[in-house]
2 protein chains.
Amino acid sequence: MPYTYEYPRPALTVDCVVFGLDDQNALKVLLIQRRIPPFQDQWALPGGFVRMDESLEDAARRELQEETGVKGVFLEQLYTFGDLGRDPRDRVVSVAYYGLVNLTEYPIQAATDARDAAWFPVASPPYLAFDHPQILATALTRLQGKVRYQPIGFELLPAKFTLTQMQKLYETILGQTLDKRNFRKKVLKMGLLTPLAEVQMGVAHRAAKLYQFDLAKYQQLKEKGFNFEL
Amino acid sequence: MPYTYEYPRPALTVDCVVFGLDDQNALKVLLIQRRIPPFQDQWALPGGFVRMDESLEDAARRELQEETGVKGVFLEQLYTFGDLGRDPRDRVVSVAYYGLVNLTEYPIQAATDARDAAWFPVASPPYLAFDHPQILATALTRLQGKVRYQPIGFELLPAKFTLTQMQKLYETILGQTLDKRNFRKKVLKMGLLTPLAEVQMGVAHRAAKLYQFDLAKYQQLKEKGFNFEL
DNA sequence: TCAAAAGTGTTTTATATACACCCATGT
DNA sequence: ACATGGGTGTATATAAAACACTTTTGA
């Protein structure tokens, strides 16, 4: 087959599934309300067209910032959705990304240009435009799978966190309860958490010790064949 | 941002990284020789443009068949490559797929229209066009990761295989030797292999028992939360 | 009878699981 | 003093790893 460019081209977009964890340890997803047809006034994943002079990830980050004000977050390619009819007007192929963000540092509605953006519970999202329910489901499955063997969960936590916060996070994502003592044993034995001198504040009970994730140590161990596993 | 289609569009292609295992248990990849510029006469992954009336996977299967004659194989989406400059002439975004095929049933050069297609050792591929080295590397990493927790390895084996064949396959992909007794114990305990009455033939030593993978049983166990793990 | 791979169990070690009470703090 | 979550250890069960010889078959 000749290598030429005379074919009609599908439109190419990116979509972002950004997850965050709220103070009640509920998993949330960042959505925008569409201002124009199709699916006008419906909620959708932030995203838009890929420009000719930017990479796919750049496009995803740009759209995310333009539409929600969120930037500088963990972002990874998820899957590319290209079935016919996923957009009612034209052939549109969308490269989906998923992102993780700690909501304590991204208060809802903090963004300047984001009056149409909001966080929704992943467990009960609103009606979503296009095939975005499917994209969301794919992202959730990916998150659940990946969180167990890669230390991406820390992206959802503040820089300094307690072991209970971390445990609750894993319980939320995996949808199961975990044994406190066993969880702590396992997590601490990996040696990826730096214990801080500081302590939790503003709680009506014994203050918990704070930890932070040691990324440098993780990368160092990873080179030696270490496997994160929870 | 308005939802419109007036932007210039990147070209959209698919590329296929099809792996096979030869009789010496070497991992091979299916390549084609380019007949036109750029990279004329160089080897490349089979692939081509996505048409407006076909899904991404359909496009991958069509191109694979057109260029190599290979069809009906296991094929999964790998990653979408969209960096600037990956094609010297134009902005081209490529959705890569990886495939698995048992070479015993796909003898090299069997395809009608495939005079420019050939299998190469993954360990020592020829010079590859575009960013295809990177795509190949990504596919290999994916295969190595996925083969341990999903029973995709069977796609590389004939329908009826011996335990030694299966072990050698895993040793090849994972790049490490495995203990024969432990491997058999683990594999048989999963209960996914149906032992056949038949036996290996044409070997100059004791003939090994043949097994086949029980897909139905796997899917049934999977629903109950069973985890394939090797 | 030789070569070549098939087939088979037990022991040791490491990891996962189950489980309950006292501690520190703020109200 | 009470309510709330923080913090800790041991015993048991399960799984992983290490390891070597006999059997079958065709050449």
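In what follows, every chain begins at residue 1, and chains take the letters A, B, ... in the order their sequences are listed. Fair warning: this is a prediction, and the values are worked out from it, not measured in the lab. Note that these values count all heavy atoms, side chains included, but never hydrogens, waters or copies made by symmetry.
Ion pair E76(A)/R142(A) not flagged as a salt bridge, since none of the NZ, NE, NH1 or NH2 atoms sits closer than 4.0 Å to an Asp/Glu carboxylate oxygen.
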Q.
Run M166(B) and F154(B) through side chain to side chain contact (heavy atoms under 4.5 Å, CB included) and show every step you take.
A. CA-CA 8 Å; M166(B) 181 176 168; F154(B) 301 105; 3.6 Å; yes
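Across Q167(B) and D179(B), no two heavy atoms sit closer than the pair NE2-C, 4.1 Å.
Put simply, the side chain of H132(B) never gets that close to the backbone of A44(B): no donor and acceptor are under 3.5 Å apart.
In this structure, F228(B) has its ring center at least 6.0 angstrom away from the ring center of F226(B). Taking the ring centroids of F39(A) and Y127(A), they lie at or beyond the 6.0 Å cut-off.
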Q) Which letters describe nucleotides 17-24 of chain C, given B = protein heavy atom under 4.0 Å from base, S = only from sugar-phosphate, - = neither? A) BBBB--BB
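Counting to the nearest Å, the P atom of dA16(C) and the CD atom of E229(A) are 8 Å from each other. Per the geometry, CD belonging to Q200(A) stands 12 Å off C1' belonging to dG26(C), to the nearest Å. One atom, CZ of R148(B), and another, P of dA16(D), lie 11 Å apart when rounded to the nearest Å. Atom CZ of F183(A) is separated from atom C1' of dT8(D) by 16 Å (rounded to the nearest Å). Rounded to an integer number of Å, the gap from CE of M201(B) to P of dA27(D) is 12 Å. Taking atom CG on L178(A) and atom P on dG7(D), their separation rounds to 17 Å, with Å as the unit. Going from atom CZ of F161(B) over to atom P of dA6(C) covers 14 Å, rounded to whole Å. Here the C1' atom of nucleotide dA6(C) and the NZ atom of K168(B) are 11 Å apart, to the nearest Å.
Here T164(A) does not reach the OP1 or OP2 of dG5(D): none of its side-chain N or O atoms lies under 4.0 Å away.
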